[in-house]
> 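What follows is a single structure, and I will ask about it in a moment.
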Protein chains: 2
Amino acid sequence: MKDGPDIARIAALIGDPARANMLTALMSGKALTATELAAEAAVSAPTVSAHLAKLAGAGLVSVRKQGRHKYFTLASGQVAHVLEALMGLAAGTGQLRTRTGPRDGALRRARVCYNHLAGEMGVQLHDSLRARDLLRADGEMRLTEAGAAFVAAFGIDLSALRARRAPLCRECLDWSARRTHLAGSLGRAFLTRMEGLGWARRDPDSRAILFSPEGTRQFARAFPSAA
Amino acid sequence: MKDGPDIARIAALIGDPARANMLTALMSGKALTATELAAEAAVSAPTVSAHLAKLAGAGLVSVRKQGRHKYFTLASGQVAHVLEALMGLAAGTGQLRTRTGPRDGALRRARVCYNHLAGEMGVQLHDSLRARDLLRADGEMRLTEAGAAFVAAFGIDLSALRARRAPLCRECLDWSARRTHLAGSLGRAFLTRMEGLGWARRDPDSRAILFSPEGTRQFARAFPSAA
DNA sequence: TTCATGGTTCGACCGTAGGCGAAGCATCGA
DNA sequence: TCGATGCTTCGCCTACGGTCGAACCATGAA
């Protein structure tokens, strides 16, 4: 039998603790250098170098050389999707990491998933757009005309996004809420815009997104939860 | 950092070639015995036994004892989802299994994904329902009233499905078409019904679903592709 | 009871892959 | 030009995990 593509290679790649930690760190969407990743995974420089070579070779991460630094990112949203799916499974089968720090609550509320907003607030954003028929998903997810107007009014330059190759809208399933939320370049733009508006900022030490009280209020007004 | 659940354990579990083959075989949705799985993975009985103990221990597969046989299945749709996501990634990064037999075409057209219809025809089923507003997906996927009527007319006992705990509708992303299709107990019921109507039967040696010429015609009539 | 079949446990073997220290290239700043 | 920093290559070690043969239980059939 053995139908379909070769799963084992990639799963084994993710299956190493050091590499898994590196990849989870990259889920923040930030580009990290080799040394930063070494710190994340708590391994030495030579070790992390070997790991990164494998990950890049398999197409899981992308590299960008800048001066004497090398910046690594996840290669695609698809990679992020696999990681999220794995997290969901791990959470479900009770493989939850024992240490459940105070951070965990914040992560559940709002966090960055690769490059867009996830967690409860991510789900609310998505649901709110859907309920008002600004976003539609018949087969592929896409903006309606009213949605495009809404997005523009929110201060996002749609034409610039459309010019890029990357898909505008993508759906992503997250591990904590187990609900669909908005990914793709539009998802990214939403998050960036919210940061620009001063609604929220990223916790530099985790994937959490910290909303200010005022930001929370504004968010609730802009994206009311569907009745 | 190391936020979120422990990915590495599970990924490592899937990462072993023997286990990966066993899991892919179980994607057919059929319950397989230990010896059958041993044949799939081309390993000895003791080896497969050890693997199954690990998989069951981690909650990836379920066991059911019957006489002197032990039947194994994937533990949940979530597990299947992870496997599909991995296949998608593997296919995308060019890790495609070199051997591209004649089966491959059939698999791309229609195949069973855990327990529901996937592949091009699975996508068409899903898109067709969405386009006619029989199925809606605002946050959670659900049937509209018209949809419920349609499903009943198709010969599916909805109330029986609703009585179960399992979610009625779920979305699943498949590796070949990279599009969303319908999973959940309704997805399963659709496939079963089509087999009952004689439209299609499962290839016993692979995950392919073979539609008869008449079945193909009927399918196209019942689920016209959205213009 | 006795045999056959499905599955597990045990022990031993072996390969591979992860890990680090030290040395080797690059690139930048002064 | 010289150091300092970031990353890679090399060589070596270690350990874990997959593998099987043989012996061992359990269930069902003769």
Side-chain angles (χ1 to χ4, degrees), chain A residues 2 6-26 30-75 90 95, chain B residues 2 6-26 30-75 90 95:
Chain A
K2 305 182 196 166
D6 186 7
I7 274 184
R9 254 209 200 86
I10 293 187
L13 236 37
I14 306 177
D16 176 80
R19 284 192 294 258
N21 284 334
M22 295 161 58
L23 290 171
T24 335
L26 288 176
K30 284 185 286 196
L32 299 176
T33 70
T35 32
E36 286 170 326
L37 287 170
E40 286 298 334
V43 290
S44 72
T47 307
V48 89
S49 178
H51 283 314
L52 285 170
K54 289 185 188 180
L55 289 175
L60 294 188
V61 303
S62 310
V63 204
R64 201 181 46 196
K65 237 177 142 174
Q66 214 165 80
R68 52 181 165 182
H69 294 271
K70 264 184 153 180
Y71 286 96
F72 293 86
T73 54
L74 294 187
Q95 301 283 0
Chain B
K2 303 182 202 169
D6 186 6
I7 274 184
R9 254 209 199 86
I10 294 188
L13 236 37
I14 306 177
D16 176 78
R19 284 193 294 259
N21 284 333
M22 295 161 58
L23 290 171
T24 340
L26 288 175
K30 285 184 286 196
L32 299 176
T33 70
T35 33
E36 286 171 324
L37 288 169
E40 285 299 334
V43 290
S44 73
T47 308
V48 89
S49 178
H51 283 315
L52 286 170
K54 289 185 188 178
L55 290 175
L60 295 189
V61 302
S62 310
V63 206
R64 203 180 46 196
K65 237 178 141 173
Q66 216 167 77
R68 55 181 165 180
H69 294 270
K70 266 183 150 179
Y71 287 94
F72 294 86
T73 54
L74 293 186
Q95 301 284 359

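Every chain is numbered from 1, with letters handed out A, B, ... down the list of sequences.
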> For dT27(C), does OP1 or OP2 lie under 4.0 Å from any side-chain N or O of Lys70(A)?
no
> Just call it for Thr35(A): base, sugar-phosphate, or nothing, with non-hydrogen atoms closer than 4.0 Å on any strand.
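Here Thr35(A) touches the backbone only, sparing every base.
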> Tell me the interatomic distance from Leu37(B), atom CG, to dT8(C), atom P, rounded to whole angstroms.
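Interatomic distance, CG of Leu37(B) to P of dT8(C): 11 Å.
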> Backbone N or O of Ala20(B) within a donor-acceptor pair of the Thr24(B) side chain at under 3.5 Å?
yes
> Taking any heavy-atom pair under 4.0 Å as a contact, classify Lys54(A): base, sugar-phosphate, or nothing.
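The residue Lys54(A) makes sugar-phosphate contact but no base contact.
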> Between dG19(C) and Thr47(A), is there an OP1 or OP2 to side-chain N/O distance shorter than 4.0 Å?
no
> Below 4.5 Å, heavy atoms only, C-beta onward: do Leu13(B) and Arg19(B) meet side chain to side chain?
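Yes, close enough: below the 4.5 Å cut-off.
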> For Val48(A), report the nucleic acid contact type (base, sugar-phosphate, nothing); a contact means any heavy atom under 4.0 Å.
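The answer is nothing, as Val48(A) stays clear of every strand by at least 4.0 Å.
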> How long is the line joining NE2 of His69(A) and C1' of dC28(C), in whole Å?
9 Å
> For Ser49(B) and His51(A), take the nucleotide of DNA chain C holding the closest heavy atom to each; which residue's nucleotide lies nearer the 5' end?
Ser49(B)
> Is there side-chain contact between Val43(B) and Asn21(B), with heavy atoms separated by less than 4.5 Å?
no
> Starting at atom CG of Leu52(A), determine the distance to atom P of dA17(C), rounded to an integer number of angstrom.
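It works out to 18 Å between those atoms.
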> I want to check something: taking the side chain as every heavy atom from C-beta on, are Val48(A) and Thr35(A) in contact at a cut-off of under 4.5 Å?
no
> Could you check Ala50(A) against Lys65(B) and say which one's nearest nucleotide on DNA chain D is further toward the 5' end?
Ala50(A)
> Should Met22(A) and Leu52(A) count as side-chain neighbours, where that means a heavy-atom distance under 4.5 Å?
yes
> Where is the tightest heavy-atom contact between Ala75(B) and Gly59(B), given as atom of each residue plus distance?
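Ala75(B) and Gly59(B) have their closest heavy atoms at CB-O, 3.3 Å.
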> Answer whether the closest heavy-atom distance between the side chains of Tyr71(B) and Thr33(B) falls below 4.5 Å.
yes
> Can you check the Arg9(A) CZ to dT16(C) P distance for me, whole Å?
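Rounded to the whole Å, the gap is 15 Å.
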> For chain A and DNA chain D, what are the first and last nucleotides along the strand, 5' to 3', with at least one atom under 4.0 angstrom from a heavy atom of the protein chain?
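Boundary nucleotides touching chain A, in 5' to 3' order, are dA4(D) to dT9(D).
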> What nucleotide among dT8(C), dT5(C), dC20(C) has an atom nearest to a side-chain atom of Arg68(B)?
dT5(C)
